[in-house]
Structure formats: C-alpha cells, structure tokens
Amino acid sequence: MGRRLRRMRRGKWIDACVWTAGLLVYFFLALPVFVIILSAFSPDEYPKFPPSGISLRWFAGVFSSSGWMESIWVSFMLLLVVTHLAVILGTVAAYALARLNFPGKQAIQAFVLSPLMIPQIALGVSFLYLLTMIGVNGTFAGLAAGHMLISLPYVVRTVGVSMANVDQKLELASMNLGAGPWHTFFHVILPLIKPGIIAGAVFASVTSFGEISISLFVSSPAVTPVPVRTFSYIDQTFDPSVHAISVIFITVSVIALIIIERTIGLSKTM
C-alpha cells in the first residue's frame with residue numbers, strides 16, 4: 001500500500017513537471033507576440049513596452065497612408081490570384097499523383113514539393129535571373145509566379161492527404177452507375193476532398209500574404225507587397241506602424257489556423 005502511494009505521488013510530481021515545462025515553452029513562444037500586440041496600441045512615437053497608454057493612432061496611420069494601402073492592395077490581389085490558381089493546379093496535381101500510375105511519379109511528386117525544402121533565398125535569386133531574362137521582373141505577373149511557386153506545394157500536400165482518405169471504390173461505383181469521369185470528379189471526389197482544398201487554400205493565402213524572401217528579389221517600387229514595404233520601412237524608420245501591420249498579419253494567421261482546424265484538423269496537414 002505504501003509503495004502504491006509513493007508511485008502515485010511520483011506520478012503527480014512528473015505530471016506537474018511536464019505541465020510546468022509545457023507552460024514555460026508556450027509562454028516563451030507567446031511572449032514576443034504579446035509584446036508586439038501591446039506595442040501596436042502604444043500612443044508613443046517609438047515602440048515602448050509596456051506602453052504608456054492605449055491608442056489606435058498607428059492603425060489609423062496605416063490605413064490613411066497611401067503607401068501602406070497600395071501595398072495592402074497589392075498583397076490582397078496577390079492573395080486572390082495566387083490562392084485561386086494554386087487551388088486549381090494543386091488539386092489537379094494531387095488527384096493525378098494519387099490516382100494515376102506513370103514512370104517517374106515519385107520524382108515528380110518530390111519535385112512539386114521541393115520548394116518546401118529549398119532555401120527561399122536561393123529560390124528568390126533563381127527567380128530574379130529567370131524573370132529578368134524573360135523581361136517580367138518587377139511586374140505583378142512575375143511576383144504572382146514567385147508566390148505560386150511556394151504556395152502550390154501546400155495545396156498539393158493537403159489535398160493529397162484528403163485524396164488518400166477517399167476510397168477508390170466510390171469512384172468505381174459512380175462510373176458503374178453511368179457517371180462519366182468528369183461527373184464523378186465534380187460530384188463525388190470534390191465534395192469528399194473539400195476539407196483538404198479549404199485547408200490548402202488557407203495555407204496558400206497565408207503563405208502568399210507573408211512571403212518576403214522571393215518578393216524582395218522580384219518586386220519593384222510600383223509593385224510592393226506588405227512584407228517588402230515593412231522590411232524597407234524598418235530600415236528607414238521604426239515606429240509602432242510596423243507593429244500595427246504585424247498585428248494584422250497575426251490576426252490573419254490565427255483566423256487561418258482556426259479555419260484549418262475546423263475543416264480538416266491541424267494534425268492531418270502535417
């Protein structure tokens with residue numbers, strides 16, 4: 001009986017240590033975000049923590065600045081274009097990789113997912129040379145192509161996870177009942193892989209909205225997304241406007257994580 005009590009006490013101590021360590025890790029990860037959020041509402045001219053008061057002046061300054069608004073518009077248009085193209089191409093690619101058998105399938109799959117493993121600074125330099133060579137560097141089309149490169153693998157990955165969970169017998173049953181391949185794809189497959197498509201669209205949107213490594217090389221003064229302007233702004237001056245923009249990014253990311261968790265689950269996308 002005494003030995004059992006000692007084991008129970010030891011187990012409680014271990015649980016307490018694990019919970020304490022976990023809380024410390026979460027606190028360490030959340031502390032920078034907490035500092036940025038509070039600093040964004042500071043009324044002072046320079047970032048200060050803790051802030052001397054609460055003010056929305058820097059958010060108002062961002063939305064009243066023509067430069068920031070132009071960059072937000074560019075990022076928003078990139079988000080729309082890149083997300084739609086990445087979802088369409090990524091869904092088709094994921095379906096082909098899941099259902100078709102052809103020589104070099106594994107190599108093509110690794111090639112499609114390779115932008116996730118290649119350093120983005122290397123991709124940026126490569127895209128700079130390529131787009132300059134074909135004469136579209138510094139244009140919206142070139143910037144969208146660069147964002148597509150790093151957004152597409154996320155869609156292929158998430159849709160591929162959903163495709164792996166679809167029983168191929170359902171497709172065969174649909175075709176045996178007289179439905180053609182296109183009708184089966186749009187009315188049977190798409191509804192079943194809808195969570196993966198939504199998760200891929202969210203990942204593509206967030207990736208495009210926050211991309212800076214490639215954007216630094218292929219953007220121009222006429223086409224400057226928010227991350228590039230933020231980087232340049234910090235180099236020239238540093239006030240809580242940058243924190244206000246960061247809060248917007250954090251909000252978008254949190255909303256994206258909530259959507260992914262509600263649709264497909266974070267654990268299924270990793």
Side-chain angles (χ1 to χ4, degrees), residues 25 28-29 32-33 75 78-79 81-134 136-137 141-166 193 195-219 225-228 230-231 249-250 252-254 256-257 259-261 263-270:
V25 171
F28 176 77
L29 295 175
V33 177
S75 291
L78 280 172
L79 185 148
V81 173
V82 171
T83 301
H84 284 84
L85 289 178
V87 166
I88 294 172
L89 297 178
T91 300
V92 174
Y95 180 80
L97 291 172
R99 290 292 184 260
L100 301 180
N101 292 315
F102 50 88
K105 174 180 175 179
Q106 297 300 324
I108 292 177
Q109 184 173 6
F111 178 75
V112 172
L113 299 178
S114 62
L116 297 178
M117 296 167 281
I118 298 175
Q120 291 188 1
I121 193 72
L123 292 176
V125 174
S126 301
F127 245 76
L128 173 63
Y129 282 104
L130 175 63
L131 297 180
T132 301
M133 184 174 61
I134 61 179
V136 295
N137 189 44
L143 193 58
H147 285 214
M148 272 288 297
L149 180 69
I150 60 171
S151 299
L152 186 64
Y154 290 101
V155 181
V156 175
R157 179 75 178 92
T158 55
V159 177
V161 171
S162 293
M163 282 298 306
N165 295 324
V166 175
I193 63 175
I197 294 175
I198 295 175
V202 173
F203 271 124
S205 300
V206 173
T207 302
S208 174
F209 194 63
E211 160 56 33
I212 186 171
S213 299
I214 294 179
S215 300
L216 280 172
F217 290 94
V218 300
S219 62
V226 173
V228 175
T230 302
F231 187 84
F249 273 83
I250 293 170
V252 171
S253 300
V254 170
L257 290 175
I259 294 174
I260 294 173
E261 180 60 31
T263 55
I264 191 173
L266 289 174
S267 60
K268 295 181 181 180
T269 61
M270 303 302 180

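Everything numeric in this text was worked out from a predicted model, so none of it was measured. Atoms considered below: every heavy atom in the structure, side chains included; atoms not considered: hydrogens, waters and symmetry mates.
The nearest pair of heavy atoms linking F127 to L149 is CE1-CD2, 3.4 Å. Listed here is the closest heavy atom pair of R157 and V161: NH1-CG2, 2.8 Å. In this structure, V87 and A201 approach most closely via the heavy-atom pair CG2-CB, 3.6 Å.
Looking at L152 and V82, their side chains never come closer than 4.5 Å, going by heavy atoms from C-beta outward. At a threshold of 4.5 Å between non-hydrogen side-chain atoms, the residues L97 and M163 do not count as touching. T83 is not listed as a side-chain neighbour of S208, based on a closest heavy-atom distance of 4.5 Å or more. By the 4.5 Å heavy-atom criterion applied to side chains, P225 and L78 are counted as neighbours.
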Exercise for review: Please lay out, stage by stage, how S162 and I197 fare under the test side chain to side chain contact (heavy atoms under 4.5 Å, CB included).
Suggested key: CA-CA 8 Å; S162 293; I197 294 175; over 6 Å; no

Check your understanding: Is there a side chain to side chain contact (heavy atoms under 4.5 Å, CB included) between M148 and V81 once you walk through the steps?
Key -> CA-CA 9 Å; M148 272 288 297; V81 173; over 6 Å; no

Exercise for review: Go through I193 and T91 one step at a time and tell me if the side chain to side chain contact (heavy atoms under 4.5 Å, CB included) criterion holds.
Suggested key: CA-CA 9 Å; I193 63 175; T91 300; 4.1 Å; yes

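I214 CD1 to L123 CG: the interatomic distance, rounded to the nearest 0.5 Å, is 5.0 Å. Taken to the nearest 0.5 Å, the CD1 atom of I134 stands 15.5 Å off from the OH atom of Y129.
In the model, S151 has no side-chain atom that pairs as donor or acceptor with a side-chain atom of T207 under 3.5 Å.
In terms of the ring pair (Phe, Tyr, Trp, His ring centres under 6.0 Å) criterion, residue partners of Y154 (sequence neighbours excluded) are, by chain and number, F203.
In this structure, S213 contributes its side chain and I121 its backbone to no donor-acceptor pair below 3.5 Å.
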